[in-house]
Enquirer: 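Can you read through this structure? Questions will come right after.
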Amino acid sequence: MQNNQICVLSSSFTKSIENKSQAPSVLYSEIAILGRSNVGKSSAINLLLNNKNLAKSSSTPGKTRLINFFLSSWRLDDVVYDLRFIDFPGFGYAKVSKEERNLWDKNLSEFLKTRDSIKLFIHLIDSRHTNLAIDNEIKNFLNSLLKPDSKILSVFTKCDKLNKNELIKLKKEDSICISYNDKQSIESLRFSILNHLYGV
Ligand SMILES: Nc1nc2c(ncn2[C@@H]2O[C@H](COP(=O)(O)OP(=O)(O)O)[C@@H](O)[C@H]2O)c(=O)[nH]1
Ligand SMILES: [Mg+2]
C-alpha cells in the first residue's frame with residue numbers, strides 16, 4: 001500500500017482560540033490531537049506537518065490553554081488533501097486550580113461535542129506508560145464523543161525510549177508507534193490518517 005510517498009505541500013498555523021465561539025469556520029476534515037500534557041502532541045504535529053516551528057513544544061506549559069488550529073495540504077498519487085489539525089494543549093493538566101481545570105474541561109468538551117467536522121481523534125499515549133488512569137479517562141471521553149463518521153486512533157509516542165523487546169511487543173499488537181527520530185514512523189502515521197479519513 002505504501003509504494004508512493006505523501007508529499008507535504010504546505011502547512012500553516014491558522015489561529016488559537018479559547019472557546020468554541022472563536023473557532024474557524026468548518027471548511028475541512030479535521031483531526032484532533034489529544035493526549036496528556038507532555039506526551040508529544042506539539043512534536044507530533046510539527047513532524048506530521050513537516051515544520052519544526054509550527055506548534056510550540058514546551059516542557060513547562062503555561063497557564064493559558066488554547067485550542068490551536070493548523071492547516072496542511074498533502075499530495076498522494078496526484079490527489080491533494082487539505083487537512084486541518086487541532087492541538088489541545090493542557091488536557092488533564094493537573095498543576096492548576098480545580099476551578100480552572102473544570103472550566104477548561106467544560107470548554108474542551110463543549111467544543112469537541114459540537115465540532116462535527118472532527119472525523120478523526122488521535123489519542124497520543126506515552127509508549128513507556130501505556131496504562132495510565134488519565135489515558136483511560138481520555139479513551140472513555142473520546143468514546144462518548146464518537147459519531148458514525150468519526151474514529152479514534154491510538155498512537156504511541158516516544159518509541160525511541162523503548163528497548164528492542166518492548167518495541168517488538170508493542171508492534172505485535174498492531175500499534176502505531178512514533179518517535180521524532182524515525183521518519184518512517186511519521187510517514188506511516190500520515191498514511192493511517194489518510195486511510196481513516198479517505199480510505200486510501
Ligand atoms: N525521546 C523523545 N522525546 C520526545 C518525542 N516527542 C516529543 N518529545 C519530548 O517530549 C517533551 C514534550 O513534547 P511536546 O510535543 O511539547 O508535548 P505536548 O505537551 O503533548 O505538546 C519535549 O521535551 C519533547 O522534546 C519523541 O519522539 N522522543
Ligand atoms: Mg503542546
Side-chain angles (χ1 to χ4, degrees), residues 8 11-19 22-23 30-72 83-96 100-101 104-105 107-108 111-112 118 120-139 141-142 152-171 173 175-193:
V8 179
S11 295
S12 58
F13 168 73
T14 306
K15 73 186 289 201
S16 296
I17 65 162
E18 272 178 52
N19 54 57
Q22 302 162 334
E30 296 183 323
I31 300 129
I33 310 279
L34 296 112
R36 69 180 176 83
S37 198
N38 220 39
V39 71
K41 294 180 295 296
S42 302
S43 307
I45 289 181
N46 288 338
L47 289 160
L48 285 167
L49 274 57
N50 204 20
N51 183 327
K52 279 193 187 115
N53 303 313
L54 269 186
K56 300 279 174 286
S57 175
S58 149
S59 48
T60 49
K63 279 201 165 186
T64 322
R65 284 161 300 166
L66 302 167
I67 301 171
N68 304 310
F69 291 79
F70 305 89
L71 188 63
S72 193
L83 307 164
R84 181 174 266 156
F85 287 82
I86 314 175
D87 180 22
F88 295 91
F91 193 97
Y93 183 52
K95 286 183 198 155
V96 291
E100 246 186 295
R101 186 175 168 178
W104 169 251
D105 286 350
N107 266 345
L108 188 67
F111 176 81
L112 283 169
I118 299 178
L120 184 61
F121 298 95
I122 297 187
H123 177 195
L124 297 184
I125 300 164
D126 191 318
S127 57
R128 299 164 297 174
H129 314 285
T130 56
N131 217 357
L132 296 181
I134 174 88
D135 282 316
N136 289 328
E137 259 177 61
I138 295 173
K139 200 178 266 179
F141 174 59
L142 291 180
I152 302 171
L153 190 62
S154 300
V155 173
F156 295 97
T157 62
K158 309 190 187 184
C159 291
D160 53 298
K161 297 267 193 183
L162 297 183
N163 66 37
K164 212 175 161 192
N165 284 338
E166 289 168 328
L167 193 60
I168 290 172
K169 194 166 165 239
L170 202 57
K171 283 192 170 169
E173 295 159 22
S175 309
I176 299 177
C177 308
I178 60 168
S179 133
Y180 58 21
N181 53 20
D182 179 2
K183 278 192 172 176
Q184 191 50 50
S185 72
I186 303 302
E187 178 75 348
S188 296
L189 179 53
R190 288 193 192 112
F191 270 97
S192 294
I193 291 171

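Atoms within a ligand are numbered from 1 in the order they appear, just like the ligands themselves.
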Enquirer: Residue-level breakdown please: for Asp160 versus ligand 1, do any non-hydrogen atoms fall below 4.0 Å on the side chain, on the backbone, on both, or on neither?
Expert: side chain
Enquirer: Inspect the contact between Glu166 and Lys169 and indicate whether a charged nitrogen and a carboxylate oxygen are less than 4.0 angstrom apart.
Expert: no
Enquirer: Tell me every residue that passes side-chain hydrogen bond (donor to acceptor under 3.5 Å, both in side chains) with Ser16, counting only those two or more places apart in sequence or in another chain.
Expert: Asn68
Enquirer: Check ligand 1 against Lys41 and write out every atom of the ligand that is under 4.0 Å from a heavy-atom position of the residue.
Expert: 15 (O), 17 (O), 18 (P), 19 (O), 20 (O), 21 (O)
Enquirer: For ligand 1, which is the ligand I care about here, please tell me if Cys159 has any N or O atom under 3.5 Å from one of the ligand's N or O atoms.
Expert: no
Enquirer: Run the salt-bridge test on Arg36 and Asp126 with the 4.0 Å N-O cut-off and return the result as yes or no.
Expert: yes
Enquirer: Using a distance threshold of 2.8 Å, state whether an N, O or S atom of Ser43 lies below it from the Mg ion (ligand 2).
Expert: no
Enquirer: Between Ser37 and ligand 1, is there a nitrogen or oxygen pair with a distance under 3.5 Å?
Expert: no
Enquirer: So, do Asn53 and Asn46 sit near enough that their side-chain heavy atoms are less than 4.5 Å apart?
Expert: no
Enquirer: Is Thr157 in contact with ligand 1, taking contact as a heavy-atom separation below 4.0 Å?
Expert: no
Enquirer: Regarding ligand 1, does Gly40 bring an N or O atom to under 3.5 Å of one of the ligand's N or O atoms?
Expert: yes
Enquirer: Could you list which atoms of ligand 1 come closer than 4.0 Å to a heavy atom of Ser179?
Expert: 27 (O)
Enquirer: Taking side chain as C-beta onward, heavy atoms only, is Leu153 less than 4.5 Å from Ser192?
Expert: yes
Enquirer: Taking the side chain as everything from C-beta on, heavy atoms only, tell me whether Asp182 gets closer than 4.5 Å to Asp160.
Expert: no
Enquirer: Show me which atoms of ligand 1 lie under 4.0 Å from any heavy atom of Lys161.
Expert: 1 (N)
Enquirer: Please identify each residue that fulfils side-chain hydrogen bond (donor to acceptor under 3.5 Å, both in side chains) with Ser72, with sequence neighbours left out.
Expert: Ser11, Trp74
